[in-house]
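Each remark here refers to the structure printed beneath this line.
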Amino acid sequence: MGDSRIRVGITLGDVNGIGTEVVIKAFSDSRMCELCTPVIYGPSKSLAFYKKGIEGAESFQYTQVKDALEAKAKRVNVIDCGPENLVLEPGTATAASGAAAVEALKAAAEELEAGRIDVVVTAPINKENVREAGFEFTGHTEFFAARFGGQPLMMMCSDLMKVGLVTIHVPVSEIAEGVTAEKIVAALGRMRASLIADFGVVEPRLAVLSLNPHAGDGGVIGGEEKDIITPAILEARKKGILAFGPFAADGFFASGGYEKYDGVLAMYHDQGLAPFKALTPEGVNFTAGLPVVRTSPDHGVAYDIAGQDKADPESFRQAVYLAVDIQRSRKQYAEMTKNPLRRYEREKGADISVRDLIPESSED
């Protein structure tokens, strides 16, 4: 029987940040390889370099392979990729580290598309130096959407809450323009679908945040709530989505209102991510709405502590857990919703024909 462990592709991200460190720390625990088969994409030189400075990393061992088809179960597997003459400079954004991040990401995406790995967990990149390497996207979310199709929804996840965004990586000056009723309804639909298929929620209750302070104060501080967000919520309800709001963001999070809902839809990046990270520092960034599973830790490259053995691997570890859980949940959901009538008959022990239900006539 073949190995049933989910193959998790892992990109090292910016090798001058903390990505390599959190990967080494997470997989220094051998139990992680019981959960999944990890395949790391990035410079093996980076792994050797950072391992020397991490206390307790002696147990981190890996096997170098050409592609994920060669990946060994119960081992950390590494596909070496990146600039040949890469110079590691912890804490510094360089063109070379940006190029290494892009090459690792593209290699993992290619193997994901080919079915050689099942999911991807991405360590953080620097959006500035990856542009120097020809990366045309504003983040991982946009890259995977362009590569695999679907309608992406950036969703921050933890056991405490799940927060989705209407607008993602756009300047603050363009947020209001990007908040439309159509986008809100679409985001609510994608969040509902993800919570059902990816997280097993039977019928999600979704809270929608306002755009303006105090939810606009009846139009005194802006009309988006009255003209755009409320109509969008009503339209979503017509589609069978249990959406509520709009709620003023500050009071909603301060009062613990998020505890009453399965998901929260924020209008823009910092409105959702600032309270999420403050309340759940070990959360995970998940790109919902795609045909593939991609997660990442909820922190950045953290140049200020790179190479100092100070990085906490817990968010990365949770990103691996979540990717595995979502992949399994999607398979279960697909099976549950495939030919539901026939499945019901099998579960009831009644995998029989209609004529078997008709009693034979008898003569007295």
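Numbers here simply count residues along the sequence, with the first being 1. Owing to the predicted nature of the structure, the values given are computational and were not obtained by experimental measurement.
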In Å, rounded to the nearest 0.5 Å, how long is the span from [atom1] of [X] to [atom2] of [Y]?
X	Y	atom1	atom2	answer
M154	H169	CE	NE2	4.5 Å
Q318	L322	CD	CG	8.5 Å
L12	L47	CG	CG	5.5 Å
I54	S28	CD1	OG	7.0 Å
L206	Y261	CG	OH	10.0 Å
L86	S46	CG	OG	7.5 Å

### In one Ile/Leu/Val/Met/Phe/Trp/Tyr side-chain cluster, 4.5 Å: V119, V78
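Same cluster.
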Is atom [atom1] of [X] surrounded by more than 12 heavy atoms (other residues, nucleotides or ligands) closer than 6.0 Å?
X	atom1	answer
K106	NZ	no
D159	CG	no
K239	NZ	no

Please check if the side chain of [X] supplies one atom and the backbone of [Y] the other of a donor-acceptor pair under 3.5 Å.
X	Y	value
K72	E70	yes
R190	Q151	yes
Q61	E58	yes
T280	F276	yes
T230	P246	no
E110	A107	no
Q271	S210	yes
Q64	D80	no
S296	V121	no

Does a salt bridge link [X] with [Y], judged by any charged N lying under 4.0 Å from a carboxylate O?
X	Y	result
D262	K162	no
R317	E314	yes
K25	E21	yes
E203	R192	yes
E111	R7	no

Give a yes-or-no answer on whether the side chains of [X] and [Y] include a donor-acceptor pair shorter than 3.5 Å.
X	Y	value
T63	N77	no
S97	N129	yes
Y50	D309	no
D198	S329	no
T122	T11	no

### Query
Going through the distances and angles, do L209 and L265 end up as a side chain to side chain contact (heavy atoms under 4.5 Å, CB included)?
CA-CA 6 Å; L209 301 183; L265 184 66; over 6 Å; no
### Task
Would you please test Y333 and R328 for side chain to side chain contact (heavy atoms under 4.5 Å, CB included) and show each step?
CA-CA 9 Å; Y333 182 75; R328 288 174 176 164; over 6 Å; no
Should [X] and [Y] count as side-chain neighbours, where that means a heavy-atom distance under 4.5 Å?
X	Y	value
M156	D298	yes
M191	L195	yes
P43	V15	yes
P281	S315	no
V292	E113	no
I326	F199	yes
E103	L105	no

Between [X] and [Y], which heavy-atom pair has the shortest distance, and what is it?
X	Y	result
L290	G149	CD2-O, 3.2 Å
I196	P204	CG1-CD, 3.7 Å
K51	A57	CE-O, 3.2 Å

### Query
Applying the side-chain contact (heavy atoms from CB on, under 4.5 Å) test to H140, which of I125, V130, V120 qualifies?
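Among the candidates, only I125 passes.
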### Task
Step by step, work out the side chain to side chain donor-acceptor pair (under 3.5 Å) result for T287 and R294.
CA-CA 6 Å; T287 306; R294 174 258 165 175; 2.9 Å; yes
### Worked verdict on R5 versus E34 for side chain to side chain contact (heavy atoms under 4.5 Å, CB included)
CA-CA 8 Å; R5 292 175 182 83; E34 295 295 332; 3.3 Å; yes
### Query
So N16 and T92, side chain to side chain donor-acceptor pair (under 3.5 Å) or not? Walk me through it.
CA-CA 6 Å; N16 287 338; T92 304; 5.9 Å; no
### Task
Cation-pi check, R75 to Y62: give yes when NZ or CZ is under 6.0 Å from the six-membered ring centre and within 45° of the ring axis, no otherwise.
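The answer is no; the distance or angle limit is not met.
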### Message
Show, in sequence, the C-alpha distance, side-chain angles and deciding distance for F143 and F135, and conclude whether the ring-ring contact (aromatic ring centres under 6.0 Å, His included) test is met.
### Response
CA-CA 9 Å; F143 169 80; F135 191 71; 5.6 Å; yes
